[in-house]
Amino acid sequence: MKYDVCIVGSGAGAGPVIHELSKAGLKVVVLEKGPWLKTEDFSKDEMVATRRSIYTPNLKDECHVLVKQNKEGKWMRQSTYSSGRDFWNGSAVGGSSNFMSAYFHRLKPVDFRLKSEFGEIEGANIADWPIRYEDLEPFYTKTEELVGVSGKVVPHKHQEPRSTKDFPYPPLAENVFSTWLDGAAERLNYEIFQSPRGILSRPKDERKSCYYSNYCGSYGCSSDAKGSSRAALINDALKTGNCTILPNSKVFHLETDGNGSVVKANFYDSEGNKQFVEANTFVVAAQAVETSRLLLMSKNDEFPNGLANNSGNVGKNIVFSGGGVGSGQILFEDIDPEEAELINAPGVFVNRASQEWYVINDDAFSDNPMKGGTIDFVSEHANAVTKAIPLKWNDDGSLLFGSDLKEKMRSYFTEQRKFKFEIFVDWLPNDNCFVELDDEVIDKWGDPVAKVWLGYHEHDLKVGEYLAEKAENLFKEAGLVNVRSSISGGVSPNLQAGGCRFGNDPKTSVLDKNCKAHEVSNLYVTDGSFMPTGGSVTYTFTIYANAFRVANHLVNKLKPS
């Protein structure tokens with residue numbers, strides 16, 4: 001059959017489109033490269049979640065080539081298969097939203113006009129968005145209700161405008177450490193607030209509430225409390241009978257008719273056979289790097305540089321999450337046993353954040369106002385494997401083993417608890433951060449893998465270090481010891497955007513304000529690729545909201561009369 005809409009991918013950028021179009025009576029087919037894992041397939045197996053390629057492609061079958069500068073400034077390339085550094089972030093029905101930590105901060109109005117507010121920064125390709133916060137606000141609200149966001153709106157000086165007074169679900173249960181942070185912030189006159197989370201604190205329809213398993217980020221949710229695209233949206237879409245999911249379907253080429261329209265999505269099925277589907281409209285939401293890769297692979301006589309890429313903008317201005325991390329410890333010998341027992345309680349969350357320095361007005365740091373960022377306060381991940389691995393090193397870098405290693409591990413796991421903070425600043429888009437097709441490495445199907453250039457802007461580090469100093473002060477005031485932080489230009493694949501930025505000028509953007517490709521009449525991109533800048537928060541909430549916005553546009557345009 002010929003479908004109304006073909007959607008490539010099924011994560012946060014696809015789920016709202018799948019949900020809304022299916023509900024509107026349109027026939028939708030979803031091509032997902034990964035398997036169709038159900039709720040009952042997810043466990044808290046530490047090896048499966050973090051040490052094996054179970055939820056991501058095997059690097060022998062499909063890898064990336066990463067290009068980074070060494071200390072001497074020379075650009076060095078290496079495949080993730082040879083390095084063992086996995087750059088995937090979830091490949092299954094529901095995408096990486098299955099495995100997110102689900103910190104759901106909205107962007108602020110200032111994020112939509114970064115260039116207008118703060119001006120040019122040399123070496124950065126900053127651009128204002130073609131829409132404003134007010135255009136997205138109703139869809140943030142819709143995401144909060146449908147996906148399910150828990151928290152408490154606490155007024156602060158950078159609180160964004162809202163059409164509702166509070167989140168639809170109350171805050172999740174908290175560790176007593178949260179009150180330590182509250183007290184320290186009050187003494188320092190810092191603003192902190194409860195972090196909103198895309199995790200249900202009470203049941204919603206067929207989804208159960210969080211049961212505080214102690215394993216959240218990087219793990220699939222076995223209660224469906226986490227607001228993944230699969231649990232929150234796709235399962236509901238399937239009930240309409242209008243949604244068809246084709247898992248293990250790796251799309252390799254979008255075929256056009258010579259007149260600026262896509263007519264087929266060509267893909268490999270689970271047996272490696274070439275198949276195709278036809279549709280009237282196509283939506284790509286394969287996550288930023290892989291979306292750019294697919295469009296670049298979809299070259300033909302009409303688009304010799306790749307689909308929608310006659311302007312040369314596809315793959316350009318990729319953005320990740322700028323910032324870094326910090327940590328501190330509470331030693332149980334320094335506090336009362338009863339308090340230590342509360343601090344050591346597993347499963348419950350810290351759920352505190354500060355956006356006091358979302359815009360920095362500090363003459364000691366800069367003569368002009370500067371875009372700052374967000375500090376999220378979290379507990380160390382419970383995964384015992386990732387906790388234990390760093391303990392094998394002595395302070396001088398030599399290996400520790402035997403009884404000394406056992407004693408170090410016993411002390412770490414029983415005599416202290418580590419808490420962390422995560423710094424989020426704008427990753428400034430630049431000419432050294434982009435995606436192209438590698439000319440040497442291919443995947444198991446014979447297609448070129450994505451070659452990702454990971455250049456960063458030094459400005460990101462300066463802002464990150466400023467925020468880290470504030471976070472360190474708060475930890476020390478709260479009584480933590482061994483407080484430290486690390487700000488770098490290193491990247492993680494779990495937060496990626498850009499590559500198909502939207503805008504009003506086809507010469508400088510790939511998509512229009514409704515995320516339709518300027519050069520292709522029936523092609524939309526709804527993952528984080530559309531974002532010209534990333535803001536100073538995690539991206540998933542905004543990707544959800546924008547996908548609902550685009551879905552609303554598509555329903556009005558395509559729904560049966």
Side-chain angles (χ1 to χ4, degrees), residues 1-33 36 93-95 139 142 146 229-230 232-267 269 274-286 291 294-295 298 302 307-308 500 502 510-527 529-530 543-561:
M1 65 177 289
K2 184 175 184 179
Y3 295 88
D4 294 313
V5 182
C6 172
I7 301 171
V8 181
S10 59
V17 182
I18 296 168
H19 184 270
E20 298 296 282
L21 270 57
S22 297
K23 290 277 192 175
L26 294 157
K27 295 297 182 181
V28 174
V29 62
V30 180
L31 299 175
E32 167 55 52
K33 180 169 66 176
W36 194 346
V93 172
F139 302 101
K142 186 168 188 173
L146 290 183
S229 171
R230 175 191 57 83
L233 301 171
I234 294 175
N235 287 349
D236 196 32
L238 289 167
K239 296 175 184 177
T240 66
N242 295 322
C243 177
T244 301
I245 307 288
L246 299 180
N248 302 304
S249 300
K250 190 258 191 180
V251 182
F252 65 91
H253 193 272
L254 299 177
E255 187 176 327
T256 61
D257 61 0
N259 295 308
S261 295
V262 180
V263 292
K264 290 181 183 178
N266 296 286
F267 66 95
D269 64 19
K274 290 183 177 180
Q275 307 282 1
F276 68 86
V277 296
E278 296 179 300
N280 296 320
T281 300
F282 291 79
V283 177
V284 178
T291 288
L294 174 58
L295 297 188
S298 298
E302 189 176 7
L307 185 61
C500 296
F502 71 165
V510 177
L511 312 172
D512 68 15
K513 69 178 183 179
N514 291 317
C515 292
K516 186 191 76 67
H518 288 300
E519 301 171 352
V520 186
S521 63
N522 63 341
L523 174 66
Y524 292 77
V525 176
T526 58
D527 57 21
S529 301
F530 79 96
I543 293 171
Y544 266 133
N546 183 70
F548 273 118
R549 184 184 69 89
V550 177
N552 182 68
H553 165 79
L554 286 170
V555 167
N556 290 333
K557 180 179 179 180
L558 304 176
K559 67 181 177 182
S561 56

Under the side chain to side chain contact (heavy atoms under 4.5 Å, CB included) rule, what do Phe267 and Val277 come out as? Steps first, then yes or no, please.
CA-CA 8 Å; Phe267 66 95; Val277 296; 3.9 Å; yes
Inset, instruction - For Val284 and Leu254, run side chain to side chain contact (heavy atoms under 4.5 Å, CB included): C-alpha distance rounded to whole Å, both residues' side-chain angles, the deciding distance at 0.1 Å, then the answer. - result: CA-CA 10 Å; Val284 178; Leu254 299 177; 3.8 Å; yes
| request: Walk me through it: do Met1 and Val29 pass the test side chain to side chain contact (heavy atoms under 4.5 Å, CB included)? | output: CA-CA 10 Å; Met1 65 177 289; Val29 62; over 6 Å; no
Walk me through it: do His553 and Cys515 pass the test side chain to side chain contact (heavy atoms under 4.5 Å, CB included)? CA-CA 10 Å; His553 165 79; Cys515 292; over 6 Å; no
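Taking Lys2 as the reference, Asn280 meet the side chain to side chain donor-acceptor pair (under 3.5 Å) condition, with sequence neighbours excluded. Applying the salt bridge (charged side-chain N to carboxylate O under 4.0 Å, His left out) criterion to Lys264, with sequence neighbours excluded, gives no partner residue. For Phe502, the ring-ring contact (aromatic ring centres under 6.0 Å, His included) criterion is met by Trp129, Phe530, not counting sequence neighbours. Applying the side-chain contact (heavy atoms from CB on, under 4.5 Å) rule to Ala551 yields the partners Val17, Glu20, Leu21; only residues at least two apart in sequence or on another chain are considered. Glu32 meets the side-chain contact (heavy atoms from CB on, under 4.5 Å) test with Ser10, Ser91, Val93; sequence neighbours excluded. Under the side chain to side chain donor-acceptor pair (under 3.5 Å) criterion, Ser298 pairs with no residue at all, not counting sequence neighbours. A search for side-chain contact (heavy atoms from CB on, under 4.5 Å) contacts involving Asn556 returns Asn552, Lys559, not counting sequence neighbours. Not counting sequence neighbours, the partners of His518 by the side chain to side chain donor-acceptor pair (under 3.5 Å) test are Ser509. Scored by the side-chain contact (heavy atoms from CB on, under 4.5 Å) test, Ser529 finds Ala288, Thr291, Cys500, Val525, Asp527 as partners (sequence neighbours excluded). Partners of Asn266 by side chain to side chain donor-acceptor pair (under 3.5 Å), not counting sequence neighbours, listed by chain and number: Glu255. Applying the ring-ring contact (aromatic ring centres under 6.0 Å, His included) rule to Phe252 yields the partners Tyr268; only residues at least two apart in sequence or on another chain are considered.
Inter-residue side-chain proximity for Ile234 and Val30 is flagged as unmet; no heavy-atom pair is nearer than 4.5 Å. Contact annotation: the side chain of Leu558 approaches that of Val5 to within less than 4.5 Å [non-hydrogen atoms, C-beta and beyond]. Residues Asn235 and Arg230 have side chains in contact (heavy-atom distance under 4.5 Å, counting atoms from C-beta outward). Considering only heavy atoms from C-beta on, Phe548 comes within 4.5 Å of Leu233 through its side chain. Leu26 has its side chain out of reach of Asn242: every pair of non-hydrogen atoms, C-beta onward, lies at least 4.5 Å apart.
Looking only at distances, a side-chain donor or acceptor of Ser249 sits under 3.5 Å from a matching main-chain atom of Pro247. The closest donor-acceptor contact from the side chain of Ser521 to the backbone of Gly260 lies under 3.5 Å. Under the 3.5 Å distance criterion, the side-chain polar atoms of Thr526 are matched with a main-chain donor or acceptor of Gly13.
Checking Leu511, Leu295, Val510 one by one against Leu523, the side-chain contact (heavy atoms from CB on, under 4.5 Å) holds for a single residue, Leu295.
The shortest heavy-atom contact between Ala265 and Cys6 is CB-SG, 4.0 Å. Between Thr240 and Ser22 the shortest heavy-atom distance is OG1-CB, 3.6 Å. For the residue pair Ala547 and Ala12, the shortest heavy atom distance occurs at CB-O, 4.0 Å.
Here the straight-line distance linking atom NZ of Lys557 with atom OG1 of Thr281 works out to 6.5 Å at 0.5 Å rounding. Expressed to the nearest 0.5 Å, how far CG of Asn248 lies from CG of Asp269 amounts to 9.0 Å. With rounding to the nearest 0.5 Å, the separation of CG in Asn522 from CG in Asp257 is 8.0 Å. Within the model, atoms CD1 of Ile245 and CD1 of Ile7 stand 8.5 Å from one another, a figure rounded to the nearest 0.5 Å.
Pairs engaging residues 3-22 under the ring pair (Phe, Tyr, Trp, His ring centres under 6.0 Å) rule: none recorded [sequence neighbours left out].
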